[in-house]
Structure formats: structure tokens, C-alpha cells
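Report on one structure; see the data block that follows.
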2 protein chains.
Amino acid sequence: MSKNAEFIDKLRSSGLRPTKQRLKICEVLFNRDKTFHFTINDLSKIISDKLGEKISLATVYNTVHAFKNKGYLKEISINSDKSYFDTNISNHHHFYDQDTNELIDCDNELIGNVNIKKNITGKKINSVEVLIKVASDNQNQN
Amino acid sequence: MSKNAEFIDKLRSSGLRPTKQRLKICEVLFNRDKTFHFTINDLSKIISDKLGEKISLATVYNTVHAFKNKGYLKEISINSDKSYFDTNISNHHHFYDQDTNELIDCDNELIGNVNIKKNITGKKINSVEVLIKVASDNQNQN
DNA sequence: CAACAGTTTAGAATAATTATAATGTATTGT
DNA sequence: ACAATACATTATAATTATTCTAAACTGTTG
């Protein structure tokens, strides 16, 4: 089955119509080996600059959020002014390079199991994420 | 020494002039027993609504950032559209209640040491933060 | 108390994101 | 295949958080 047909299936099976725009975005996001970290702006730029396609910014937002809601993307917590997304939807952690504003996946084996000894009463744990901020120099950026 | 005199010292010793506005903000932030989590908007509301004072929003931003840079506040990474700050500047982790958008400190003893087996080459670790997202129901909010 | 540097302020500017409402397109039933 | 419908896309406006600006103000130093 072609990649494109796979994407069509994937979309249909989750109740999303396989439109041109969504398929193009699928290609950009999911047609790769390594996981991909991006902001809406990154994605939008790739589509217009590298691919020379024109997809409305609103559609990029809509699509990314639809994909996130369907579980095809994960939104990552960064102390920042914009949202980061990750094509790696498994439970994993991140390095955040403060010099370049880049997110890097952190293999789960690199971090021992984070065990939470006591949870808030009456609440269910939805996720546990470790964010490791790194930078090259000796300044105390937080 | 009165609380106010303490704040004046604290500010002076870090090269910040003890202005009316900064002292008022010190009172709100540091004159409490428990740690305090807030957004700029929260703080601004407390000042105007509860205290009936008028401090320009720009000043609130300036002051909070000055305090953060001096190490009196910590900025917390939340997957959100706004910045959260914490008066607890020690190295610690957080619960984030997705129902109420509330941040709750997580005692370090509740989480075993997070040991990172391998860091990114050439970079220095500035911080390691665990964020535990909790919610009351069975929906898979992320 | 004068001079200076640091601060506050209102409002403008910017940036990320969401809402709107008209137009366009995939799907469904016939 | 085709009309009807529901869902999507789009440009643009609106909103929200934050930063910038330049003028007025205030704490500090001599």
C-alpha cells in the first residue's frame, strides 16, 4: 500500500476526511524515519518554502490540533511563547536546547523510571514528563 | 526587622530600587507561608481587585521578570498559552491539574532522584523538571 | 537639592492563536 | 452520477499574552 493510501486510511479511520491539505501535512509529518519536533510556524514554513504549497495558516492550526486530538501528535511543554509538537507520541522525555530552541527526544532508557510515590488524592495521572534544559555556556538560563 | 524593611534590603542587595510598586508586589508574592503559583494575569488581578492598587501591567511584567532574573521566582514549563511562576525557587517538580489549570508543588521526596544517564554532548544541564499532569476523570487529556 | 540613572506608565506594536463567515469539497443516499 | 449535506478551507478579523516605546516620574548620590 502506498504511503498516500495509508494516510487516507488513517484519516478515514479516525473520522477525518482525507483532504489535499491534510494529506500534504501527513506527508511532511509522518513520512520520515526520525521523530520530528516542530512549531506551527516551522510546519507552515516547510509547506510554503520547501514544498511551494499554499495552505492557509488556519488550516495548519486546525489540522495539527485535529491530529493531536486523534493522538497522532503530542504537544510538548516548553517554557516558551509557542507550542511544540512531536510526532513521537510514545511516553518519553525531552532535552531542550536553550541555545537553539530545539527539542530533542530523550530515550526512555536514559532516564530511570520516574516513580511518583504519592499522587494528588482523587486524581488520575495522565502523563509524567521530564524536561531537561541544556545550554552550551555557563550562564544560568532558566 | 519588619517584612517591609526585609524586602527593601532584598531589593537593594540585588541592585533593584525599592519602589512602591516592587514592594507591593513583594508583599503579594513573598508575604506568605506556602509557595505561590501564578500567572502575570493572576498577580495583576490580585493587585487591582483584592488590594485595590493600580500598578501598570507593564510594571508587573517588568517586576516579575526582574525577580525571576534575580532568582526570586522560578518560571515553570506548562503546556499552555501563558507563563507560570513559582515563589518556590528550589529544585522541585510539579503536578498540573488539568481540570482547574492549577499548579501544585511536588515534594522532592515524592519523586526519586531523576538520573540522566547521558547528556547531550557539549551541553550543560541547567534544569531537570518533572511535570505530572493529573485530572479527575477518565478522559485522556494531554 | 540638583543631577542622574533607573522606573513606571499608557498605549502602541508584535506574535501566537482562535473565531468568523463565506466558499469549497468529500461523502451519502438515491 | 448527482443532489443534498456535513465537514473543511480560507482570508481576515479578533483575541490574548507579551514586549516595546518614549515621556513622565522617583530613588539615589554627591
Side-chain angles (χ1 to χ4, degrees), chain A residues 4-5 7-26 28 37-48 51 53-70 72-73 75-85 101 103 142, chain B residues 4-5 7-28 37-48 51 53-70 72-73 75-85 101 103:
Chain A
N4 206 263
F7 294 146
I8 290 177
D9 271 15
K10 183 173 183 164
L11 290 170
R12 276 231 186 77
S13 71
S14 50
L16 296 172
R17 287 185 183 167
T19 63
K20 280 196 294 296
Q21 292 86 344
R22 282 173 180 166
L23 288 170
K24 182 57 67 184
I25 291 174
C26 276
V28 176
H37 298 106
F38 63 96
T39 63
I40 298 282
N41 189 50
D42 295 336
L43 178 53
S44 195
K45 266 208 156 55
I46 290 173
I47 292 164
S48 63
L51 305 186
E53 305 266 342
K54 198 175 83 55
I55 298 181
S56 164
L57 186 58
T59 301
V60 179
Y61 272 96
N62 289 341
T63 303
V64 167
H65 284 134
F67 286 5
K68 179 192 137 195
N69 291 335
K70 295 300 179 183
Y72 302 147
L73 292 173
E75 197 169 0
I76 307 298
S77 308
I78 295 279
N79 185 2
S80 176
D81 45 347
K82 37 178 164 295
S83 283
Y84 283 74
F85 294 89
N101 288 336
L103 253 190
N142 255 332
Chain B
N4 207 262
F7 294 146
I8 290 177
D9 272 14
K10 183 174 185 165
L11 289 170
R12 277 232 184 75
S13 71
S14 49
L16 296 173
R17 286 186 183 168
T19 64
K20 278 196 296 296
Q21 293 86 343
R22 283 174 178 164
L23 288 170
K24 183 57 68 183
I25 291 173
C26 276
E27 257 178 59
V28 176
H37 297 106
F38 63 97
T39 64
I40 297 282
N41 189 50
D42 294 336
L43 177 53
S44 193
K45 264 208 156 56
I46 291 172
I47 293 165
S48 64
L51 305 185
E53 306 266 343
K54 197 174 83 56
I55 299 182
S56 163
L57 187 57
T59 301
V60 180
Y61 271 97
N62 289 341
T63 304
V64 167
H65 284 135
F67 285 5
K68 179 193 136 195
N69 291 335
K70 295 299 179 184
Y72 301 148
L73 292 173
E75 197 168 359
I76 307 297
S77 308
I78 295 278
N79 184 4
S80 176
D81 44 348
K82 35 178 165 294
S83 285
Y84 283 73
F85 295 88
N101 289 337
L103 253 190

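Below, all heavy atoms of this structure are taken into account, side chains as well, without hydrogens, waters or symmetry copies. By convention in this document, chain letters (A, B, ...) are assigned in the order of the sequence lines, proteins followed by strands, and residues within each chain are numbered from 1. This one's a predicted model, so the numbers in the text were calculated from it and none came from an experiment.
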Distance, rounded to the nearest Å, where I47(A) contributes CD1 and dT9(D) contributes P: 11 Å
Rounded distance in Å - CG (L11(A)) to C1' (dT27(C)): 15 Å
For T39(B), side-chain hydrogen bond (donor to acceptor under 3.5 Å, both in side chains) partners two or more places apart: D42(B)
Flag, side chain of S13(A) to backbone of D9(A), donor-acceptor distance under 3.5 Å: yes
Distance in angstrom units between N101(A) CG and dA16(C) P, rounded: 11 Å
Residues which pass side-chain hydrogen bond (donor to acceptor under 3.5 Å, both in side chains) with N101(A), listed by chain and number, not counting sequence neighbours: Y96(A)
Distance in angstrom units between F38(A) CZ and dA16(C) P, rounded: 15 Å
Short side-chain N/O contact from Q21(A) to OP1 or OP2 of dT25(C), under 4.0 Å: no
dA10(C) OP1/OP2 closer than 4.0 Å to side-chain N/O of K54(B): yes
Considering all heavy atoms, the nearest K10(A)-Y72(A) contact: O-OH, 3.3 Å
Check: R17(B) main-chain N/O paired with R22(B) side-chain donor or acceptor under 3.5 Å: yes
Letter per nucleotide, 5' to 3', of nucleotides 16-30 of chain D [B base touched, S only sugar-phosphate touched, - untouched; heavy atoms, 4.0 Å]: -SBBB------BS--
Main-chain N/O of T59(B) paired to T63(B) side chain as donor or acceptor, under 3.5 Å: yes
Nucleotide dG6(C), atom C1' - distance to CZ of R22(B) in whole Å: 8 Å
